[in-house]
Amino acid sequence: MDQRTVLFVLFDGVLSLDVSGPLEVFAGAETYRPGTYRLRTASLDGGPVRTSGGLTLVPDQALGDGLDAHTLVVPGGQGTRDPEPALVDWLRAHGRSAERLVSVCTGSLLLAGAGLLDGRRATTHWAYCDKLARDHPAVAVEPDPIYVRDGQVSTSAGVTSGIDLALALVEEDLGRDIALAIARHLVVFLRRPGNQAQFSAQLAAQTARREPLREVQRWITEHPEADLAVETLAARASLSPRHFARAFQHETGTTPGRYVDRVRLEHARRLLEDTTDGIEEISRAGGYGTPEAMRRAFVRTLGASPAEYRRRFRPASTP
């Protein structure tokens, strides 16, 4: 493979980990396959930038110095909220020339502002998915996955998902063995599926205001194997099923059924990662009843069967 230039765009207010995380993945590839990547950083004028955390980054060059990038990486951070118009103009003029266009976290807001996500599927940090969809209706926003790849454009969710996406790109370029070696060196998983949810069921849903509904949320989390039909949950809250379903969605932002699905999936995932229990036992403990029902839920949501998920994410046994 010819050497590929990976160019990271820097700007004031950039999130340092959005830059350093993916950069370390590509740098790790150089350790195992020297000459694969040429890593460069650039700001509009070539001058230093200050990250959102207060660090000062000194780029290699200015964006206008004419370097052709195979992979153009646009990180996120506070600087994407009110970006410099010249930066958006540069992306609009040069973004499509990159063979791979990548954003980390809210870097997708810059890509969208430059029209580079129109007609494409994309994601961003969960807190900004609504803004991305509202401000850019031509973008098909997917709020759940940790990263989305659509043709030459790849977008990732918050912070560490940029590492997941970079590992996926290195695996595409150099194969699984090298990507796995990098992941081991960085002490991260290879690799979370791109469509793995950004956050847990408890974080995904708001906490209900009323105590009876909060108690139901706790009950679901503590008893995923129980009968969690709407009628049963409504009885625990001393509400009619119709009133309960309406109130639950209003106060948590999701339906009871979807909340139960997320809790059960998360519980089963933890058992697959942390125990040696069999698939059938886990399917019962997770409230699925049968291995086939659990398999369908995993494939639908994570794109992997329970057995494949366990192979990817259960730590190897130590002697």
Side-chain angles (χ1 to χ4, degrees), residues 1-8 17-39 69-73 75 98-105 121-123 142 144-198 265 268-276 279 294-295 297-319:
M1 188 181 79
D2 294 337
Q3 188 178 53
R4 294 179 169 183
T5 297
V6 182
L7 178 63
F8 289 80
L17 189 56
D18 284 3
V19 178
S20 61
L23 190 147
E24 290 295 341
V25 172
F26 289 110
E30 276 294 291
T31 301
Y32 297 99
R33 189 74 64 82
T36 299
Y37 299 112
R38 179 189 182 198
L39 305 179
H70 173 276
T71 301
L72 181 63
V73 182
E99 290 193 37
R100 289 195 304 219
L101 185 58
V102 175
S103 71
V104 182
C105 196
R121 297 161 43 246
T123 193
E142 298 188 3
D144 287 333
I146 58 173
Y147 63 80
V148 171
R149 302 189 63 186
D150 187 343
Q152 72 173 128
V153 180
S154 300
T155 53
S156 59
V159 192
T160 57
S161 60
I163 296 175
D164 294 290
L165 177 53
L167 284 168
L169 297 175
V170 168
E171 183 176 353
E172 179 182 272
D173 292 342
L174 302 177
R176 179 177 175 83
D177 289 347
I178 288 180
L180 179 58
I182 297 167
R184 285 172 173 163
H185 181 73
L186 296 177
V187 197
V188 296
F189 286 120
L190 178 73
R191 56 188 166 80
R192 291 189 292 170
N195 57 352
Q196 184 167 323
Q198 290 192 34
L265 187 73
R269 282 168 45 194
R270 285 199 300 269
L271 292 177
L272 288 168
E273 293 170 13
D274 299 337
T275 76
T276 58
I279 299 296
M294 185 168 75
R295 188 194 70 81
F298 268 67
V299 171
R300 180 175 63 251
T301 307
L302 301 178
S305 69
E308 174 62 19
Y309 184 90
R310 170 169 269 173
R311 282 194 295 270
R312 292 182 186 180
F313 299 113
R314 185 167 182 269
S317 300
T318 55

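Side-chain atoms are counted along with the backbone in the values below, which use heavy atoms only and exclude waters and symmetry mates.
- Scanning for side chain to side chain donor-acceptor pair (under 3.5 Å) contacts around Arg149 gives Ser154, Glu172, with sequence neighbours left out.
- Of all the heavy atoms in Ala122 and Val148, the pair that sits closest is N-CG1, 4.1 Å.
- Summarising the geometry, atom OG1 belonging to Thr71 is positioned 10.0 Å from atom CG belonging to Leu39; distances are rounded to the nearest 0.5 Å.
- Across Val19 and Pro75, no two heavy atoms sit closer than the pair CG2-CG, 3.8 Å.
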Practice item. Could you walk me through whether Leu72 and Gln152 pass the side chain to side chain contact (heavy atoms under 4.5 Å, CB included) test, one step at a time? Key: CA-CA 11 Å; Leu72 181 63; Gln152 72 173 128; over 6 Å; no

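- The backbone N or O of Leu272 sits less than 3.5 Å from a side-chain atom of Arg310, completing a donor-acceptor pair.
- Across all their heavy atoms, Ser103 and Leu165 have their closest contact at O-CD2, 4.2 Å.
- Pro22 meets the side chain to side chain contact (heavy atoms under 4.5 Å, CB included) test with Phe8, Val104, Ala166; sequence neighbours excluded.
- Glu171 CD to Asp177 CG: the interatomic distance, rounded to the nearest 0.5 Å, is 9.5 Å.
- How far OG1 of Thr123 is from CD1 of Ile146: 9.5 Å, rounded to the nearest 0.5 Å.
- Contact record, Ala29 with Leu174: CB-CD1, 3.9 Å, taken as the closest heavy-atom pair.
- Taking both residues in full, the closest heavy atoms of Glu142 and Pro145 are given as O-CD, 3.4 Å, listed atom of the first, atom of the second, then distance.
- A donor-acceptor pair is defined here as one N or O able to donate and one able to accept, closer than 3.5 Å; no such pair exists between the side chain of Ser161 and the backbone of Tyr147.
- Separation of atoms OG1 (Thr160) and CG (Asp18) is listed at 9.5 Å; rounding is to 0.5 Å.
- Sorted by first and then second residue, the side-chain hydrogen bond (donor to acceptor under 3.5 Å, both in side chains) pairs with a member in residues 22-39 read Tyr37-Asp173; sequence neighbours excluded.
- For the atom pair OG1 of Thr276 and CG of Leu271, the computed distance is 10.5 Å after rounding to the nearest 0.5 Å.
- In this structure the side chain of Met294 reaches within 4.5 angstrom of the side chain of Ile279, judged on heavy atoms.
- Side-chain contact check for Arg269 versus Leu302: some heavy-atom pair is nearer than 4.5 Å.
- Nearest heavy-atom pair, Gly158 versus Cys105, reported as atom, atom and distance to 0.1 Å: CA-SG, 3.9 Å.
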